[in-house]
Amino acid sequence: MRAIAAVAAPVAALGRGVLGGLAATGRFAIFSAEALSHILRPPLYPREALAALFTIGWLSLPVVGLTAVFTGGALALQIYAGGARFNAEAVVPQIVAIGMVRELGPVLVGLMIAARVTSSIAAEIATMRVTEQIDALVTLATNPMKYLVAPRVLAGLVTVPLLTGLGDVIGVMGGWLVATQTLGFNSATYLANTVDFIEAHDVWSSLAKGAVFGGIAALSGCYFGMTSGRGAQGVGRATKAAVEAAAVMILAANFLLTGVFFSV
Amino acid sequence: MIAIEGLCKTFGETPVLRGVDLRVARGQSLVVIGGSGTGKSVLLKCILGLVEPDAGRISIAGEPLGPRHREALFSRFGMLFQGAALFDSLPVWQNVAFRLLRGPGRLTRRAARQVAVEKLGRVGLGPEVADRFPAELSGGMQKRAGLARAIAADPEIIFFDEPTTGLDPIMAGVINTLIREIVSDMGATAITITHDMSSVRSIADRVAMLHDGVIRWEGPAAGIDRSGDPYVDQFIHGRAELLP
């Protein structure tokens, strides 16, 4: 009997974990659907939406720009070094362009937004939960989903594709800078090769990924903030969980979207 | 005005409310007392819909309180939270005028600010406080600003959650006096939860003691010293002995 219990215990623990994970996924999905529905239904809070657009979009520009320029530069160096093994150094502009626009641009922007914005949203809303500010909103006849969540999710959906587009351009220019200044590429030829190689499909798939990742980042911050536990520890746990969940969901969504957009 | 019948709430295996019955007449100030962890805050949160009760009935002016009626309740409702719960990101005047700046009957920013400054004056805070942020105020000033927010829309019903917790006795006395004046002047129906006996004596028309998940004693504030209930006596005198 004891032996059966010893074997069953890990299986039961695994089952509990799977069921817990499914329940959490369901709660997040319901929360997301409700949040998105509030974007479409009045009343809207334009001041809060503008503040969120500024915070998520404009204030993220420096970190997105720096991430993209260094990644584009490093990518150029790597492709040049790797391509030299089979005399293919000339493909640097094309590979930097396709790598940045299709993959690295949206994914890195998404992850940087998860680090910067998801954490900040989760910590802010969790602190509001812990200090009864969200209860206060309810008693002031204001729906927290409309006032706190919808403006942030809207801002994520609108600004992250723009940041992704900008990150793509800056990343490509980072590669151009390194290629022309240290690898001996001709500037005009590099840019011509880049523009010739990139297709419209690459660009809009990149922007679509950005919108999905922006939505995930904002929703994750809002969900874990709204469901935070008590006290400083609750705020800390909510913030950590929000960033982890956002990062994993962004990478998983990237895999799925890449399959959808570029499956042969 | 407010009627609560058979209200029950259990968290996990722990029953917190086990059939609470309470009535508050229009314009009356009821204070609910009880030790820490006896479910006073849960009782308020059940009325507000922030916690879903397992059983029981809550009605306001004879109407059972469902989600739709709760929206109507909040349109004529004010609440002072234990920690004031002011919004950190907004200056004090926007906190006070929060309701006035939003919703169907919203005022212009200029008019809302005027009302906010007037309400801040009502609780003894000068206009210079209006543009400060909550983090720049002391605990007592935050409580007063929270009180100004609670009364900003001239509510018919006001809840006070531990209004004097964390304040020195002088500031607690100031807050108690303000609450009593506001409730009397506005003719509002008020429910206060507290374990501060000075608040009870200042604010209450009637007192109810919540103990072990039920209302153990209820009566006029003037009669609390002659309740004849050992738990009420122990509470008001702060005696430490264990009762059966």
Side-chain angles (χ1 to χ4, degrees), chain A residues 27 30 34 37-38 41-56 59 117 120-152 155 221-222 225-232 234-235 239, chain B residues 11 41-42 44-51 67-90 94-106 109 134-135 139 142 145-147 149-153 155 157-162 165 191:
Chain A
R27 284 193 294 270
I30 292 168
E34 192 186 345
S37 78
H38 280 296
R41 287 183 289 146
L44 304 172
Y45 293 100
R47 269 176 194 275
E48 281 64 38
L50 284 173
L53 287 166
F54 178 76
T55 309
I56 296 175
L59 296 182
V117 173
S120 140
I121 291 176
E124 186 182 359
I125 295 182
T127 304
M128 291 184 75
R129 164 70 65 202
V130 167
T131 55
E132 295 188 304
Q133 291 177 51
I134 291 179
D135 291 348
L137 274 178
V138 174
T139 65
L140 290 163
T142 302
N143 185 337
M145 289 295 286
K146 281 205 175 297
Y147 183 77
L148 294 175
V149 176
R152 286 165 172 79
C222 293
M226 293 289 278
T227 55
S228 161
R230 290 183 176 185
V235 175
T239 308
Chain B
F11 290 103
S41 293
V42 175
L44 275 198
K45 288 185 174 180
C46 283
I47 301 173
L48 296 174
L50 300 172
V51 169
R68 194 173 294 173
H69 289 105
R70 204 163 262 125
E71 271 181 34
L73 163 70
F74 289 143
S75 67
R76 53 198 170 115
F77 174 83
M79 177 156 178
L80 172 60
F81 285 83
Q82 187 173 349
L86 297 172
F87 305 122
D88 303 322
S89 57
L90 300 177
Q94 286 188 34
N95 266 281
V96 174
F98 190 90
R99 191 196 296 268
L100 308 173
L101 288 165
R102 292 161 183 84
R106 64 175 168 269
R109 287 174 73 78
Q142 286 186 15
L147 187 53
R149 183 174 69 183
I151 61 169
I157 301 167
I158 314 182
F159 287 0
F160 302 100
D161 183 2
E162 305 279 10
T165 298
I191 298 181

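Quick note on labels: first sequence line is chain A, next is B, and so on, each numbered from 1.
- Residues B:F159 and B:I47 are in side-chain contact: their nearest non-hydrogen atoms beyond the backbone lie under 4.5 Å apart.
- Counting heavy atoms from C-beta outward, A:L44 and A:H38 have side chains that stay 4.5 Å or more apart.
- Both the backbone and the side chain of A:T139 come within contact range of chain B, judged by heavy atoms closer than 4.5 Å.
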Checklist entry - Do A:C222 and A:I125 pass the side-chain contact (heavy atoms from CB on, under 4.5 Å) test, and can you show the C-alpha distance, the side-chain angles, and the key distance before you say yes or no? => result CA-CA 7 Å; A:C222 293; A:I125 295 182; 4.0 Å; yes
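- Each of A:E132, A:E124, A:M128 has some count of heavy-atom pairs under 4.5 Å with chain B, and the biggest count is that of A:E132.
- Geometric assessment of B:R149 against the ring of B:F87 yields a positive cation-pi assignment under the 6.0 Å and 45° thresholds.
- The side-chain contact (heavy atoms from CB on, under 4.5 Å) test applied to B:F11 returns B:K9, B:V16, B:V42, B:V51, not counting sequence neighbours.
- Residue contact with chain A, scored on non-hydrogen atoms closer than 4.5 Å, involves the side chain of B:D161 exclusively.
- There is no contact between B:L100 and chain A, counting heavy-atom distances below 4.5 Å.
- Heavy atoms of A:L137 lying under 4.5 Å from chain B belong to its backbone as well as its side chain.
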